[in-house]
Amino acid sequence: MASYDVIIIGAGPGGYVSAIRCAQLGLKTAIVEGRETLGGTCLNVGCIPSKAMLHATHMLHEAEHNFASMGLKGKSPSVDWKQMLAYKDEVVGQNTGGVEFLMKKNKIDWIKGWASIPEVGKVKVGDDVHDAKNIIVASGSEVATLPGVEIDEKVVVSSTGALELNKIPKKLVVIGAGVIGLELGSVYARLGSEVTVVEYMSAVCPGFDADVQRTFKRLLEKQGLTFIMDAAVQKVDATKSKAKVTYKPKAGDAEEVLDADVVLVATGRKPYVDGLGLEALGVKRTERGQIATDAQWATNVKGIYAIGDVIEGPMLAHKAEDEGMAVAEVVAGKHGHVNYGVIPGVVYTTPEVATVGATEAQLKEQGIKPKVGKFMFMGNARAKAVHQGDGFVKLMVHPETDRLLGAAIIGPAAGDMIHELCVAMEFGASAEDIALTCHAHPTYSEAVREAALACGDGAIHS
Ligand code: NAI
C-alpha cells in the first residue's frame with residue numbers, strides 16, 4: 001500500500017505516455033496494468049503486431065509480383081506461418097519490453113493487476129488499496145460485436161484472434177470495411193486467402209474523403225479483396241472449423257449466406273470500463289457509454305480524469321498519447337492542450353491512406369467551397385521507380401485565404417508524409433507556403449508540393 005500523486009489505470013499508449021510525462025513533471029506516479037505485458041491493445045494485440053504482419057506480407061507480395069521485373073529471379077518465398085507469427089511476437093516483445101524499461105527509467109511503479117476505484121482518492125488492486133491524489137482512467141476499448149455474432153477467437157475472431165490463427169484460412173469473411181477490416185483483410189489476401197468484406201455502408205472507411213474511398217476500394221479489389229457493400233450482417237453460425245455469415249442487402253428482403261473458414265468481426269470498438277466501479281462513484285457517461293470529461297479531461301468526480309478510447313473522439317493511439325501528455329500537465333497544475341482539429345488518421349495498407357483535417361464534403365457542409373489541389377503519384381518519379389504509382393495527394397484550402405483546411409493522401413509512405421501537412425495546419429500555413437518550400441528530389445513528398453502548386457497556378461508534372 002503506497003501513496004501517490006497520480007495513479008494511472010491502463011498501460012496502453014494513453015496511459016504509459018501519461019505516466020512518463022507525470023514522472024517528468026515531478027509527480028510520484030504508478031500505473032496499474034492487468035496484462036502480463038505493458039503497452040495495452042496497441043502494442044500487444046493491435047497496431048504493432050498488425051504492422052509486423054503487414055510488413056511481412058508486403059514483402060511476400062513484392063517477391064511474388066515485382067521482383068522478376070527488377071531482374072530478381074528465382075523461386076518466390078513460401079510462407080512459414082509459425083515463423084511469421086514468431087516474428088510478429090518478437091516485434092511485440094521488443095516494444096512491450098521497451099515500455100517496461102521506460103517505466104523503470106522514469107521510476108514509475110507498475111502495480112500488476114486489475115484496478116477498481118472504491119472511493120475518491122483510492123485505487124484497489126487485488127487486496128491492496130493505494131492512495132492517489134489524482135486518478136487517470138486510461139482503460140481503453142474492447143471489440144464491439146454485433147447481435148447474433150459470438151466471438152470465439154478461433155473461427156469467429158476479433159483483430160486479436162486474427163493475429164493468432166492456427167493456419168491461413170482459405171476463405172475469410174470480414175465484417176466491416178473500416179480500418180481493422182481492410183488492414184487485416186489485405187494481410188490475408190496477400191497470404192492467399194479468398195477475402196470477402198461485407199460492409200453496411202456504400203463506401204469503405206466511412207468518414208473518409210469520397211475520392212480516397214473510391215480509389216482505395218478499387219486498389220484493394222485489384223489486390224484480390226471482394227466487397228459486398230450496402231449489406232448488413234445479420235448473424236454468424238459457427239461450428240468448430242467453419243462458419244456461415246448471413247447478410248441482408250439494403251435493397252431487397254432476401255438474405256444471403258457466405259461460407260467462411262474464419263470470420264473477422266471488425267465493426268468497431270467500445271469503451272472498456274468493466275470492474276472500475278464508475279457507477280457507484282457517480283462518474284457520468286455519454287450516451288455511447290464513454291466517460292464524460294470536460295476540456296481538461298476531468299470527469300464530474302473530483303480527482304478522476306479520463307483519456308483515450310474510453311472518452312469521446314477518434315479511437316487512435318496517438319490521440320490517446322496527446323491526451324495523456326496534456327492531462328499530466330493539468331494534474332501538475334500547468335495547462336494541457338490537444339488540437340483535435342489536427343489529428344492524423346492512417347490506414348497501413350499498401351498503398352497507405354492518411355488524412356488530416358476536414359474532408360471536401362465536411363467543408364461544403366460548413367458552407368466553404370474549398371479550392372482543391374490534387375496530384376497523382378503517377379507523376380512522381382520516385383513512386384514510379386518502386387512500383388507505387390497508384391494514388392494521389394489531395395489538399396483542400398480556403399478559397400480566399402489559401403489556408404490549408406484538410407488533406408488526404410493515398411500512396412506510398414502516406415502515413416509519414418501526412419505530418420508535413422499536420423505541421424502546416426498547426427502553423428496556419430497556406431498552400432503557397434507549402435509550394436514555396438523546397439522539397440528534395442526524388443522523394444514521394446514532392447507529390448505534396450505538387451498538390452500545393454495545383455492549388456495555385458498549377459502542378460509541374462501533371
Ligand atoms: P471502424 O469503425 O473503423 O469500422 C467498422 C465498419 O463496420 C464500419 O464501416 C461499419 O459501417 C461496419 N459495420 C458495422 N456493422 C455492420 C454490419 N452489421 N454489417 C456490415 N458492416 C457493418 O471499426 P474497426 O475497423 O473495427 O476499428 C475499430 C477502431 O480501432 C476504430 O476506431 C479505428 O480507428 C481503430 N483502429 C485504428 C487503426 C489505425 O489507425 N491504423 C488500426 C486499427 C484500428
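The structure presented is a predicted model; accordingly, all values stated were derived computationally and were not measured. Indexing begins at 1, ligand by ligand and atom by atom, following the structure's order.
Of all protein heavy atoms, the one closest to atom 35 (C) of ligand 1 is M315 O, 3.4 Å. For atom 16 (C) of ligand 1, the closest non-hydrogen atom of the protein is T267 CG2, 3.8 Å. Ranking protein heavy atoms by distance to atom 42 (C) of ligand 1, first place goes to V179 CG1, 3.3 Å. Nearest protein heavy-atom contact of atom 4 (O) of ligand 1 is G178 CA, 3.3 Å. Of the protein's non-hydrogen atoms, V233 N, 3.7 Å is the one closest to atom 17 (C) of ligand 1. Atom 22 (C) of ligand 1 has Y200 CB, 3.7 Å as its closest protein atom, hydrogens excluded (heavy atom only). Residue, atom and distance of the protein heavy atom nearest to atom 2 (O) of ligand 1 are G268 CA, 4.0 Å.
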Checking salt bridge (Lys or Arg N to Asp or Glu O under 4.0 Å) for the pair D390/K222: CA distance, chi angles, key distance, verdict?
-> CA-CA 11 Å; D390 287 323; K222 236 168 83 181; 3.7 Å; yes
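With a 6.0 Å radius and a threshold of 12 heavy atoms from other residues, nucleotides or ligands, K51 has its NZ atom above the threshold. Counting non-hydrogen atoms of neighbouring residues, nucleotides and ligands closer than 6.0 angstrom, the NZ atom of K235 reaches no more than 12 such neighbours.
Side-chain N/O atoms of D309 and S141 include a donor and acceptor closer than 3.5 Å. Inspection of the S158 and E153 side chains reveals an N or O donor paired with an N or O acceptor under 3.5 Å.
Using a 4.0 Å cut-off between heavy atoms, Y247 makes no contact with ligand 1 at all. Here I180 has heavy atoms under 4.0 Å from ligand 1 in both its backbone and its side chain.
If you take NZ on K154 and CD on E164, they are separated by 9.5 Å, rounding to the nearest 0.5 Å. Atom CD1 of I409 is separated from atom CZ of F377 by 6.0 Å, given to the nearest 0.5 angstrom.
Considering only heavy atoms from C-beta on, M325 stays 4.5 Å or farther from S18 through its side chain.
Under a 4.0 Å criterion applied to the non-hydrogen atoms of V346, ligand 1 contributes the atoms 39 (C), 40 (O), 41 (N). Interface atoms of ligand 1 facing V198, defined by a heavy-atom separation under 4.0 Å, are 20 (C), 21 (N). Taking every non-hydrogen atom of M201 and a distance limit under 4.0 Å, the qualifying atoms of ligand 1 come out as 11 (O). Those atoms of ligand 1 with a heavy atom of A232 less than 4.0 angstrom away are 19 (N). Each of the atoms 41 (N) of ligand 1 lies under 4.0 Å from some heavy atom of Y348.
Between atom 29 (C) of ligand 1 and the options K235, R269, E199, the minimum heavy-atom separation is to R269. The closest non-hydrogen atom to atom 5 (C) of ligand 1, taken over A266, G415, G207, G176, comes from A266.
Between E360 and K394, at least one side-chain N (NZ, or NE/NH1/NH2) sits under 4.0 Å from a carboxylate O, which counts as a salt bridge.
Taking 4.0 Å as the cut-off, A231 counts as a neighbour of ligand 1 on heavy-atom distance. Distances shorter than 4.0 angstrom do not occur between any heavy atom of P314 and any atom of ligand 1.
Note that K250 lies in the cation-pi zone of Y200, set by a 6.0 Å cut-off to the ring centre and a 45° limit from the axis.
Results of the side-chain hydrogen bond (donor to acceptor under 3.5 Å, both in side chains) test with T350 over H61, Q223, E62, R190 single out R190 as the only residue that passes.
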